[in-house]
Amino acid sequence: MCDTCGCNVTHGNAHLVTNDGKLAQTEDGKSAITVLQNLLSENDHQAAHNREHFDRRGILAINLMSSPGAGKTALLEATIDALGDEMKIAVIEGDLETENDARRIRDKGVPAVQISTGSACHLDAHMVHDALHHMDLDGIDIVFIENVGNLVCPASFDLGQHRNITLLSVTEGDDKPAKYPVMFRASDLVLLTKADLLEVLDDFDPQQAEHHLRHLASEAPVLQIAARRDIDIDSWIQWLRDELAAQQDRAENNETVRPNIQPDGAALHLDGDHSHEHQHHHHHNHDHNHS
Amino acid sequence: MHELSICQALIDQVENIARENEAVAVKAIWVQVGPLSGAEIPLLEHAYPFAAAGSMAEDAELILESMPIKVHCRSCGAESEATPNKLICGQCGDYHTDLVSGDEMLLARLELDKLTH
């Protein structure tokens, strides 16, 4: 999100920047300033910087989000097994505590940096930037960022990734997209994980899950996968291959892409405008003289 | 929840703007929050005093404005109100819609106290 060109001005707040806006009147001796700046603009600025790191090297960056235990790390293990010879993968792991997940990835011969967030419920762009400095990106094709297991907070923070993937394990309930709209609305792909359990679960309907997703105005594809059993992994692998090819094309043309989380206005700023003047002030000094 | 870190980012931004404008104090802060931003207004209200303590905005009034969810339909062109988990077109029911408003998390406006002589 940017604060220079007015793309923050929506139907909802346009009245604030017009002279007759309801907030334009101020008391004497005070100064009112219209700002319209995203509260997370500092994070977004860092995220754009991270994305440049990836784009310069033609790397595809993917943010994996889900509730705890939906199978993010198992998906990565299966993906490394399937694609390890074909492309070079690196992983950033986010958890409150332990190196366990990074160790599982390293056991597969893939570089992994663990971010221990302490009590923080999500990764932010600064944490990912720090992790990138502990990582040799030369020759890497895909960086997976495994976010903290949480269907709420990670959706609000741009990390510099190109795509958001949300995992929904079939033991969790098919109404999760309706319950966590902010998260699922931000998804570029939804993976229904542990799909081999569908035959023994009578209360998860994949069509119902997709129905709830469409109600969020999402066009994201929905794939079923059973990573632990290497079932149905082919369509996921093909999606990755296609996305990597698309990212490499974009990198050659100095283009980039942001995940679904970004409002449409962000698309206006992919033309290399990296102005640091990201504050847009309107001064309304009222120097009325009351005698 | 991450509302405290959002409030800390808010205070940082507010103080920067206040300093740039040579203000001595911040009197009021208008923030717009949409239901799809991921931030909850009551939680922001609770977290704000902790973030504002000791800052130029310590005594500022925080005005949190809840933004409506509105979608524009790519199929029929209608603009309609929507709810967080039902963002389809209110007119024709198509799900090919774009969000017009409702995911804002913006510092909209500040009222600053300046020394006037």
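By convention in this document, chain letters (A, B, ...) are assigned in the order of the sequence lines, proteins followed by strands, and residues within each chain are numbered from 1. Fair warning: this is a prediction, and the values are worked out from it, not measured in the lab.
- For a residue to count as touching a neighbouring chain, one of its non-hydrogen atoms must lie under 4.5 Å from one of that chain's; by this rule Ser218(A) touches chain B with the backbone only.
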Side chain to side chain contact (heavy atoms under 4.5 Å, CB included) for Ile6(B) and Leu40(A)? Distances and angles first, verdict last.
CA-CA 7 Å; Ile6(B) 291 171; Leu40(A) 296 177; 4.2 Å; yes
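- Between Leu213(A) atom CG and Asn85(B) atom CG the span is 12.0 Å, to the nearest 0.5 Å.
- Checking each of Gln32(B), Arg109(B), Glu104(B) against Leu36(A) for a side chain to side chain contact (heavy atoms under 4.5 Å, CB included) leaves exactly one that passes, namely Gln32(B).
- To the nearest 0.5 Å, atom CZ of residue Arg185(A) and atom CG of residue Asp103(B) are 5.0 Å apart.
- When heavy atoms are compared at a cutoff of 4.5 Å, Ser37(B) approaches chain A solely by way of its backbone atoms N, CA, C and O.
- Note that OH of Tyr95(B) is 12.0 Å distant from CG of Leu216(A), once rounded to the nearest 0.5 Å.
- Here Leu36(B) is the residue among Asp94(B), Leu36(B), Ile63(B) with the most heavy-atom pairs under 4.5 Å with chain A.
- Contacts of Lys86(B) with chain A are made by both backbone and side-chain atoms, with heavy-atom separations under 4.5 Å.
- Taking all atoms of both residues into account, the shortest heavy-atom contact from His122(A) to Ser5(B) is CE1-OG, 4.4 Å.
- Leu87(B) and Ala217(A) get closest at one heavy-atom pair: O-CB, 3.8 Å.
- Atom CD in Gln37(A) sits 12.5 Å away from atom CE in Met105(B) (nearest 0.5 Å).
- For chain A, the option among Pro35(B), Gly93(B), Pro84(B), Ala82(B) with the highest count of heavy-atom pairs below 4.5 Å is Pro84(B).
- Contact of the Val31(B) side chain with the Leu39(A) side chain is registered, since non-hydrogen atoms from C-beta on lie closer than 4.5 Å.
- Looking at Ser41(A) and Gln13(B), their side chains do bring a donor and an acceptor atom within 3.5 Å of each other.
- Other residues, nucleotides and ligands contribute at most 12 non-hydrogen atoms within 6.0 Å of the CD atom of Gln91(B).
- Here the straight-line distance linking atom CG of Leu112(B) with atom CD1 of Ile33(A) works out to 4.5 Å at 0.5 Å rounding.
- The local environment of CD in Glu15(B) is crowded, with over 12 non-hydrogen atoms from other residues, nucleotides or ligands closer than 6.0 Å.
- When all heavy atoms of Ser156(A) and Gly38(B) are compared, the closest pair comes out as OG-CA, 3.7 Å.
- In terms of modelled atom types and a separation under 3.5 Å, the side chain of Ser31(A) and the main chain of Lys114(B) share no donor-acceptor contact.
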